[in-house]
Amino acid sequence: MDPSGLYYNILPCGVELGGQYMPDRRVIAVNFTFFCGLAAEPEDQLGVAQLAEDLLDKGTDSYTAEQLADAFDAIGVRRNSTTGRETISFGCLAMAEFFERVVELHAEMFCRATFPLEQCDVSRDLSLQELDALEDEPMELLQKAARRQALGPVLGRHALGEKATLEKLGRDQIVEYAQRCLTARRLQVTLAGSIEPARAAEVIEKHLGALQRGSPRLLEPLEIQFTPQRTHYDKKLEQQYMALTWPGCRRQSADWPAEAVALGVLSGGMSSRLFTEVREKQGLVYWVSAWPEYLRSGGLLYMGASTTPQRSERCFATLLREMERLSEDLTEEELARAKVLITARRQTRGELTRVRASEIAEDLFYFGQPRERAEETARIEQVTTDDIRQYLAAHPRQPETLS
């Protein structure tokens, strides 16, 4: 353990452990991240990953679904879970004195889930209903289409899958996915709070040692299959929704701070360029934003807006123009405002124990080890206007690179 309290270890059971010892915190935050997610789904079983995530707490060898929920509630645990493109993650926040019980209950889910047949059918039917409900959510549909087009057929999958594959999924496919993917060597555990590193390792080894080791996690990230193209989806709406996508840098890249600040200038609040220029001054859009998405193999940048059909071409051209203008007339005032906004958000969010555990989980995912938050904050604060111009020159956004 270094002076900052950061620690990292690969346990004998195969689980990767990283964390930060914070003795002044009364609560502990724990994240369990399995390397699998949507990219590990068989092509004819899209949607199975989220079903596996949803069903882990619907019954185990020792608990019914209700009993397991009661056991978590009895110790006041706040829980969440999500299925990502390359991972399935489970997070929780609890009082530090209940740390071992937290790990024990998660181990019960990971090692001894029974996947009751009736619950499998219910979860599948709920996913089908959610998939149907997407048709009434144009912004969700926009992001689903944009990501599929930009990331390719594997990394661009949607967590709900597709109707044709969901309808055919049953208990056997869900169990097979869980047994193949939710293994010790694919698991990273990250922890922030007042649990000493030796104690954390002891408890996790004790309870997760029963998790099957499985084959080693895939160390080589899947490549993004970015293909520039322009696609229109017909749907009767009052607004027209559009998304522009282009390759960004890897999260691990030395260019990342400049990319983050450039996005902050574009879409970092009500003083950002997209909001003031496109929405307030020209009145072109109802909604406009820019955001990144990072995988281990690379990054993508998105710019989205909703406007009327009559203004769509002008809106499209204006969005492109606002991005290009950054290299021409970026001011020191804009640069300073974007950096302050980013660093302030990072500092205030970082004071939350659960956020710190999530940051360490991201560190392990992208960098392979926990890092000091101050190091990256300092890199952001050092970004100059020349850095952003150099970044923009190195990452062009001409039509042939847009999706």
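Positions are given from 1, in the same order as the sequence printed here.
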- Note on the structure: With sequence neighbours left out, the residues meeting side-chain contact (heavy atoms from CB on, under 4.5 Å) with L68 are D57, T60, Y63, F72, L105, M109
- Query: Have Q149 and T231 got a donor and an acceptor in their side chains that come within less than 3.5 Å?
  - Reply: yes
- Item | Residue pair V30 / I195, side-chain heavy-atom distance below 4.5 Å | no
- Query: Can E108 and R112 be counted as an ion pair, charged N to O under 4.0 angstrom?
  - Reply: yes
- Of all pairs that satisfy side-chain hydrogen bond (donor to acceptor under 3.5 Å, both in side chains), the ones with a partner from residues 190-207, not counting sequence neighbours: E100-R199, E100-K206, E100-H207
- Which residues satisfy the side-chain contact (heavy atoms from CB on, under 4.5 Å) test with E280, sequence neighbours excluded? F275
- Measure from NZ or CZ of R250 to the centre of the six-membered ring of W256, then state whether that distance is under 6.0 Å and the direction lies within 45° of the axis. no
- Task: For the residue pair Y302 and W246, confirm or rule out a side-chain donor-acceptor distance under 3.5 Å.
- Result: no
- Query: With distance as the sole criterion, is a donor-acceptor pair present between the side chains of Y366 and Q252 under 3.5 Å?
  - Reply: no
- Can you say whether the rings of Y241 and W287 are parallel (under 30°), tilted (30 to 60°) or perpendicular (over 60°)? tilted
- Query: Will you find, in the side chains of Q188 and T33, an N or O donor that is under 3.5 Å from an N or O acceptor?
  - Reply: no
- Message: For the residue pair R101 and F99, would you count it as a cation-pi contact if the rule is NZ or CZ under 6.0 angstrom from the ring centre and within 45 degrees of the ring axis?
- Response: no
- Task: Scan side-chain atoms only and decide if Y294 and E362 contain a donor-acceptor pair under the 3.5 Å cut-off.
- Result: no
- Task: Verify the distance criterion only: is there a donor paired with an acceptor across the side chains of S81 and E53 at less than 3.5 Å?
- Result: yes
- Sidechain N-carboxylate O distance under 4.0 Å for K235, E135: yes
- Between R180 and E176, is there a side-chain N and carboxylate O pair less than 4.0 Å apart? yes
- Task: Output, in order, the C-alpha distance, side-chain angles, deciding distance and verdict of ring-ring contact (aromatic ring centres under 6.0 Å, His included) for Y21 and Y7.
- Result: CA-CA 8 Å; Y21 176 49; Y7 57 90; 8.0 Å; no
- Indicate whether any N or O donor in one side chain lies under 3.5 Å from an N or O acceptor in the other, for Q173 and Q45. no
- In plain terms, say whether R379 and D387 are close enough for a salt bridge, that is, a side-chain N and a carboxylate O under 4.0 Å apart. no
- Message: Would you say D44 and T165 are linked by a side-chain donor-acceptor pair, where the criterion is simply a distance under 3.5 Å?
- Response: no
